[in-house]
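Reading through the structure tokens given below for one structure.
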Amino acid sequence: MSGKNPKLILLGAQGSGKGTQAELLCKAFDLEHISTGDLLRWHRQHHTKLGGKVGRIMAEGLLVPDEIIFGLLSERMNQHDWNFGLILDGFPRTVSQGEFLAENWNFDRVVYLDIPREVVLGRVLKRAEEMAAQGKRRDDDNEEALKVRLDEYYSKTEPLVSWYEAKGLLLRVDGTQSIEAVQADIRKGLGL
Ligand code: AMP
């Protein structure tokens, strides 16, 4: 991949450090950060019609239906402010979403933050506690919803790892390392 204007997908379970790594990369290389979770939360906060439709689904930790998420992503991508590079975070979450993405836009690489399932669970519960202590608990940060979100991840999203690997797009990074070491491995792997 050329170092210029990278178009990246970030893949990893909840608690894998996706958000943190995306932020660091975006700052360093002036990339757009497009997160479908953030787009959906914007609609919730602004009480839009779409926000009303997805509230319950999100609070339960389930995936929002494709017809809603495809429209939302297309609208965001059509803004074309990402021509100098972007990181897509939280999409795709299923192979059918991966197919939709591939039909519409070209991405250079998929960065996969690899961490064992037991580490994921520990991190996710710890983060939920920290957010609660700060009074910033999300609707979907209760234990039941977290469990559902993880089940959704392992049954529907993780198959994307081998799917992208087969296409030769995957960069696998050990996500159990420190934030700095993960960031360094990503940059090295991408030639940035
Ligand atoms: P996130 O912030 O990425 O963890 O997303 C929060 C919630 O938004 C998820 O638990 C889903 O309910 C919903 N969501 C975000 N991205 C997607 C997607 N690509 N497909 C379906 N649902 C999504």
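For ligands, and for the atoms within them, numbers begin at 1 and follow the listed sequence. No hydrogens, no waters, no symmetry mates; every other heavy atom, side chains included, goes into these values.
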Hydrophobic cluster partners of I179 (side-chain heavy atoms under 4.5 Å): L24
NZ or CZ of R93 within 45° of Y153 ring axis and under 6.0 Å: no
Donor-acceptor contact below 3.5 Å, side chain R44 vs main chain G51: yes
Close side-chain approach of L150 to V120, heavy-atom, < 4.5 Å: yes
Minimum side-chain heavy-atom gap L190-D108 below 4.5 Å: no
Amino acids in close contact with ligand 1, where any non-hydrogen atom sits under 4.0 angstrom away: T36, G37, L40, R41, M58, L62, L63, V64, I69, G90, F91, R93, Q97, R138, R149
Test item: N104 side-chain N/O and L101 main-chain N/O as donor-acceptor pair under 3.5 Å: no
